[in-house]
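Everything below concerns the one structure shown next.
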Amino acid sequence: MPAPHPPTRSRIVAAEPWLALGVALLWWLAMYPGLFGEDSLITLTEARDGPINAWFTAWWVIVIDTVTINTRAIPLLTLAGVLVLAWSTRQWAAATFPAGPARAWAVMLVCATPLVGALGIQVRHDAWMTAGLLLCVAVMARTEGRLERFRAADYAQLVLAVLLIPTRHNGLVTLILAAVGSWWAFGRAGIRHLAVLAAVAIGVVSVTQLATRSAGLPHSIDPAQAVEWVMADVSCLLTQDGVVPTVGEWTALETIASRADWPQARACNFVSPLFIAPTFRIAQVEPNVGALVRTWLTLGLRHPIRMTLVHLRRVSLFLPPFIVGVQDQNYTPFIHSTILPNDFGLAWAFPGLANLARQPARAWNALRLVLANSALWLVLIALAAWRLRALRHQLLPTLVVAAALNVGLVATAPISEGRYGLFILICGQVTLVYWRLECRQARGVSRASPAIHGAVMAVSEDVPDTPARAL
């Protein structure tokens, strides 16, 4: 009969459902009322004063308005954000990994980092959409290969996912790409995954359209935002010697901005200054979207290598490190760690404690080439799915959704910003910590009793792949 875990380990396992929430709450208390950057203040202003625009999704502004009671209780939003993200992380881990000290420690440690703690207490939709994807994948992993009906808790999590994912524009695209990838990877065996993804996608479309119409907007996404990556590629490409648009291409480009304003070197690694150029006419983008895309294509056909490199360097944080060189990280944010001047009366309640808690976030920013690289952590998830045979089926839904998210980011991300791939970063880093702790525990068993270790390893190779139930 195997020896029981030591009492300390047993307490950690028993407390697992509350550990993530506990460390998340500590982040919120230390940096009360939260972290507020430029995007945060823009959306808070829209919620308070209007009008709502489609740049950050109408649904996200409605969520802000509702949770904060028209910005009267802004700390409620940051508290809800970090708790929902931490809870969703734990739900995903509970559906993916078997119960034990390794899982409990992995969840607690990652939730204690700025990746969950600092990003969760910001008024940014990245954490909320990520939480929705985590819940969706948790249901997929928990019901993998089962014939029984979904539990009430599964339906509840999917409903919550439907409300969380529409806070970002690329949530729907990720679900669609994941559904295609699931069908391609699993065929008829992945019909349950496909059904979950399709149901959530339909719900996301419904919520998005209702929010868009209630805000009085004609589009759920701003036309200029839809082709922001196209304009960034063109602006960066035009800074290179020997790239000269044709008369027809200039005609299309000059409907939006002057020739002098189109070449923008900063567009190669950050938000293009074209949007604030004196001659930029945003109203002309919508009627000329087709012409812009055609210009991008024709320039790309004439300069295929240059255009490819321009695009890939702009999204280098979503590619394996150093594949297209190191991007200038001075322009690439990851975790905002301050409160910008504002007219909402937002300031840290405990400045000394907040400045102390800010240091880990600054360290994460300094290490963002690794910690914020979504492709690196996507590869690690794939490696874990390959090596951990007993958990392969539970990790595959995560791998499919993570790959879908990363493909979308590589294709259309306007800039390389680590928080865009937050779902991949959280899943990858929890997986790494769990894997290392399991290996350490296995080595401990080996030193204690080589015979027991051999038996455990033999069983782990022969046990059929079965899903891990969430506690």
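In this chain, residues are counted from 1 in sequence order. Owing to the predicted nature of the structure, the values given are computational and were not obtained by experimental measurement.
- For R302, the CZ atom sits in a packed shell: over 12 heavy atoms of surrounding residues, nucleotides or ligands are nearer than 6.0 Å.
- The distance from the CE atom of M140 to the CG atom of D154 is 12.5 Å, given to the nearest 0.5 Å.
- Side chains of L194 and L197 form no contact here, defined as non-hydrogen atoms less than 4.5 Å apart.
- Side-chain contact of H336 with Q122: a donor-acceptor pair under 3.5 Å is absent, judged by distance alone.
- With contacts defined as side-chain heavy-atom distances shorter than 4.5 Å, the pair L353/Y32 does not qualify.
- Contact check for L83 versus W28: no side-chain heavy atoms found under the 4.5 Å cut-off.
- Ring geometry, F318 versus Y420: the interplanar angle falls under 30°, so the pair is classed parallel (tilted spans 30 to 60°).
- Of the inter-residue distances, the one linking Q209 atom CD with S214 atom OG reads 10.5 Å to the nearest 0.5 angstrom.
- At least one side-chain heavy atom of N365 sits less than 4.5 Å from a side-chain heavy atom of R368.
- Counting heavy atoms of neighbouring residues, nucleotides and ligands inside a 6.0 Å radius, atom CH2 of W18 does not exceed 12 of them.
- T130 is listed as a side-chain neighbour of L134, based on a closest heavy-atom distance under 4.5 Å.
- Between V196 and F150, the closest side-chain pair of non-hydrogen atoms falls below 4.5 Å.
- For the atom pair CG of L292 and CD of E228, the computed distance is 12.5 Å after rounding to the nearest 0.5 Å.
- Between T208 and W59, the side chains place no donor N or O within less than 3.5 Å of an acceptor N or O (distance only, hydrogens not considered).
- Of the inter-residue distances, the one linking I62 atom CD1 with T167 atom OG1 reads 12.0 Å to the nearest 0.5 angstrom.
- The closest side-chain heavy-atom distance from L409 to V315 is not below 4.5 Å.
- The distance from the CG atom of L175 to the CG atom of N170 is 10.0 Å, given to the nearest 0.5 Å.
- Taking the six-membered ring where tryptophan is involved, the planes of F280 and F275 are tilted, since the angle between them lies from 30° to 60°.
- Test V23, I121, L119, L77 against V82 for side-chain contact (heavy atoms from CB on, under 4.5 Å) and you get one pass: I121.
- In this structure, CD in E16 is found 10.5 Å from CE in M108, a value given to the nearest 0.5 Å.
- Looking at P245 and L238, their side chains come closer than 4.5 Å, going by heavy atoms from C-beta outward.
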side-chain hydrogen bond (donor to acceptor under 3.5 Å, both in side chains), that's the test. Do H219 and E286 meet it? Break it down for me. CA-CA 11 Å; H219 308 289; E286 182 176 357; 2.7 Å; yes

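- Here the options are T43, D343, T71, the test is side-chain hydrogen bond (donor to acceptor under 3.5 Å, both in side chains), and the partner is R48; only D343 passes.
- Classification of the F97-W92 ring pair by plane angle, with boundaries at 30° and 60°, yields perpendicular.
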